[in-house]
Undergrad: 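Sharing a structure here in structure tokens format.
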Amino acid sequence: MKETVIKTDQLSKRFGSFIAVDAISFEVQKGEIFGFLGANGAGKTTAMRMLCGLSVPSSGTAAIAGFDIYKKTEEIKRNIGYMSQKFSLYEDLTVLENISFFAGIYGLSNSAIKEKSEALITRLGLQKEVKKLVGELPLGWKQKLSFSVAVLHEPKIVFLDEPTGGVDPVTRRQFWDLIYEASEKGITVFVTTHYMDEAEYCDRISIMVDGRISALDSPSALKTQFKAATMDEVFYELARGAKRGD
Amino acid sequence: MRTIRFLLQKEFRQIFRNRAILLLIGVMPVMQLLILPLAANYEVKNINLSVVDHDHSGFSQKLISKVTSSGYFKLSGYSASFKEELMAIESDRSDLILEIPQGFERGLIREDQQQLFIAVNAINGVKANLGGAYLTSIIRDFNEEIRMEMVPSYRFNEAPVIEITSSNWYNPLMEYQFYMVPGILAILVTMIGGFLSALNIVKEKEFGTIEQINVTPIKKHHFILGKLIPFWILGNVVFSLGLLVAWLVYHIVPAGSLLVLYGFSSVYLLAILGFGLLISTFCDTQQQAMFIMFFFMMVFILMGGLFTSIDSMPEWAKLLSAFNPVSYLIEVMRMVILKGSGWKDILPQLGIIALFAVVLNTYAIINYKKTN
């Protein structure tokens with residue numbers, strides 16, 4: 001049975017006369033890995049911030065994990081994880097301190113915190129770095145750590161905003177392993193990226209152009225639709241018509 | 001409650017890892033309390049005095065030596081030309097000119113009266129005022145002395161003289177340190193509390209860590225409390241350090257009860273921290289927060305009654321100082337430490353500061369937006 005965890009209808013965000021997100025409507029099913037693509041400035045981050053309850057939409061409706069995006073932002077927050085484009089764990093706290101702080105804020109019990117942080121550290125192979133300040137870790141590890149912290153409380157949906165930006169191919173591969181693991185546990189993954197090989201890993205992708213969703217389907221269906229051999233070509237085909245850039 | 005515990009743990013870990021903050025809390029109050037009260041002295045000493053002596057008589061010499069031996073004046077010039085000494089004032093080498101006219105001694109003896117001329121450099125108002133007053137009083141003294149010498153006592157008994165003796169209550173020896181130290185401590189507590197809290201939330205905004213907080217189901221008042229409590233504790237630590245220095249170095253023991261003092265400072269800290277947090281919620285960068293806090297601090301401190309008495313300010317300024325939390329703390333500190341005031345005496349101030357605390361913190365919670 002399909003369960004819809006994200007449902008938006010004509011969702012828009014305006015900043016003055018600028019329409020950052022222009023009436024987007026789509027649905028995401030439980031357990032899906034949903035790729036959210038688009039050129040810089042297409043409105044991806046703004047859309048994602050609205051879905052996370054960090055930004056109030058100008059119009060349209062949306063329900064995240066069944067909760068209304070206007071009225072139930074706090075319930076939404078309990079059911080989602082979020083990893084922003086900019087690294088946002090505390091650099092002056094250690095790996096372990098960051099984990100237990102966020103776990104505590106999400107209301108995990110002490111025994112759960114202990115158990116989960118041990119599992120997380122073993123999974124990431126960070127045993128030797130537990131007492132290190134997060135600021136001292138290399139970027140790849142920071143990204144993996146912040147993803148793991150974002151799914152620590154087992155949210156229904158995790159939002160990832162360009163999680164692999166500036167990370168080497170090996171680490172990116174490892175990062176996607178983490179995403180698959182989360183997806184297998186039933187966590188819906190909503191991810192933005194600029195890497196077309198990563199787009200291929202997604203179950204379905206949407207491509208945003210100038211604040212609108214121009215295409216939405218599985219990677220293979222999109223390639224057929226645009227008579228393209230690769231996702232790269234599909235993206236070029238759509239993004240070429242974009243009027244705004246960065 | 002559990003959320004707050006996690007927030008406090010995090011906040012304290014960050015504070016104890018930040019050496020600059022630890023130095024600010026530990027060393028700054030001690031150093032400033034050691035240095036400032038000694039330097040910020042209301043007494044004016046070392047006034048540069050130029051003497052233009054046209055008389056060169058025994059009396060003029062006697063007057064000059066009396067003036068210089070008072071300890072307040074430094075003889076910076078001695079000549080027979082007023083013009084020359086005026087140059088000294090113009091080039092800031094001199095603050096005061098005392099001109100002794102020709103025939104000063106002769107005139108005094110023959111005509112029973114003489115006029116002296118004092119010219120004051122009023123650029124430095126305090127120095128000029130006090131210098132002029134000191135000099136006048138020394139000359140008056142000198143006058144009495146020569147009258148005693150020259151005139152048989154029965155003659156000047158005719159002129160009735162009202163002599164004034166005064167005794168200074170609550171600070172009998174007029175030790176200005178007794179007056180300054182509590183005030184400086186009040187300002188220290190205000191500055192440290194105000195700046196630390198003003199910079200804190202905005203720092204999380206700058207580093208982007210606030211995003212990660214805002215996406216959690218954390219309650220706004222929990223978050224603000226998690227910021228307020230650590231700084232409240234630090235503020236009390238600074239306050240205690242200050243009282244300790246005041247006691248060890250200046251031997252200032254509060255005449256009133258410590259409980260009253262801490263009771264007031266605790267509520268006061270809530271108010272000033274709330275103010276800092278409010279600024280923090282308004283700003284996007286630490287630089288903005290710093291400048292805004294600096295603006296308010298200048299006004300708070302200069303109009304807080306430490307350096308100039310609020311009672312002598314114009315009406316509009318008095319009205320403004322009613323909205324200045326620092327003025328209440330300085331007032332209460334002096335009341336409790338010097339006068340020994342109790343709960344009943346400080347109740348009006350305590351009430352007003354409590355109101356400040358409630359309003360500012362509520363406003364900070366409302367203005368902190370998890371969603372924008």
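A, B, ... follow the sequence lines: proteins, then strands. Residue 1 opens every chain.
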Undergrad: Look at atom CD of B/Gln287 and say whether more than 12 heavy atoms of other residues, nucleotides or ligands are closer to it than 6.0 Å.
TA: no
Undergrad: Taking CZ in B/Phe294 as the centre, count heavy atoms belonging to other residues, nucleotides or ligands within less than 6.0 Å. Is the count above 12?
TA: no
Undergrad: What is the minimum heavy-atom distance between A/Leu54 and B/Val215, and which atoms define it?
TA: CD2-N, 4.1 Å
Undergrad: Quick one: closest heavy-atom pair of A/Phe101 and B/Phe6, and the distance?
TA: CD1-O, 3.6 Å
Undergrad: Using non-hydrogen atoms only, which part of B/Lys203 is less than 4.5 Å away from chain A: side chain, backbone, both, or neither?
TA: side chain
Undergrad: Going from CD on B/Gln9 to CD on A/Glu97, what distance comes out if it is rounded to the nearest 0.5 angstrom?
TA: 7.5 Å
Undergrad: Can you tell me which portion of B/Ile210 sits under 4.5 Å from chain A's heavy atoms? Options are side chain, backbone, both or neither.
TA: neither
Undergrad: Looking at chain B, which one of A/Pro155, A/Gly53, A/Ser84 has the largest number of heavy-atom pairs inside 4.5 Å, strictly under?
TA: A/Gly53
Undergrad: Which atoms of B/Glu211 are under 4.5 Å from chain A, going by heavy atoms: the side chain, the backbone, both sets, or neither?
TA: both
Undergrad: Specify which of A/Asn79, A/Thr73, A/Asn110, A/Ile76 makes the most heavy-atom pairs with chain B at under 4.5 Å.
TA: A/Asn110
Undergrad: Do you know the tightest heavy-atom contact between B/Gly208 and A/Ser88?
TA: O-CB, 3.1 Å
Undergrad: May I ask you to check whether over 12 heavy atoms, not counting those of A/Lys116, lie within 6.0 Å of atom NZ?
TA: yes
Undergrad: At what distance, to the nearest 0.5 angstrom, does OH of A/Tyr90 lie from CZ of B/Arg17?
TA: 13.5 Å
Undergrad: Given heavy-atom pairs under 4.5 angstrom as the criterion, report whether the side chain, backbone, both or neither of A/Ile113 touches chain B.
TA: side chain
Undergrad: Using modelled atom types and a 3.5 Å cut-off, is there a donor and acceptor pairing between side-chain atoms of B/Arg13 and backbone atoms of A/Asp92?
TA: no
Undergrad: Is it true that, when you exclude B/Phe323 itself, more than 12 heavy atoms of the residues, nucleotides or ligands shown sit nearer than 6.0 Å to its CZ?
TA: no
Undergrad: With rounding to the nearest 0.5 angstrom, report the CZ to CD1 distance, A/Arg78 to B/Ile218.
TA: 11.5 Å
Undergrad: Quick check: are there more than 12 heavy atoms from other residues, nucleotides or ligands sitting under 6.0 Å from CZ of B/Phe207?
TA: no
Undergrad: Above 12 or not: heavy atoms from other molecules or residues under 6.0 Å from NZ of A/Lys72?
TA: no
Undergrad: If you draw a 6.0 Å radius around CZ in B/Phe291, do more than 12 non-hydrogen atoms from other residues or ligands fall strictly inside?
TA: no
Undergrad: If we ignore angles and hydrogens, is there a donor and acceptor under 3.5 Å between the side chains of A/Arg49 and B/Asn214?
TA: no
Undergrad: Would you name the heavy atoms of A/Glu74 and B/Thr216 that are closest together and state the gap between them?
TA: OE1-O, 4.3 Å
Undergrad: Where on A/Thr94 is there a heavy atom nearer than 4.5 Å to chain B: the side chain, the backbone, both, or neither?
TA: both
Undergrad: Looking at OG1 of B/Thr371 and CE of A/Met50, how far apart are the two atoms once the value is rounded to the nearest 0.5 Å?
TA: 12.5 Å
Undergrad: For chain B, find which of A/Ala103, A/Ser109, A/Cys52, A/Ser146 contributes the most heavy-atom pairs closer than 4.5 angstrom.
TA: A/Ser109
Undergrad: Hey, are the side chains of B/Pro217 and A/Tyr106 touching, using non-hydrogen atoms and a 4.5 Å cut-off?
TA: yes
Undergrad: Once you round to the nearest 0.5 Å, how far does NZ of A/Lys77 lie from CD1 of B/Ile213?
TA: 11.5 Å
Undergrad: What's the separation between atom CZ in A/Phe87 and atom CD in B/Gln212, rounded to the nearest 0.5 Å?
TA: 9.0 Å
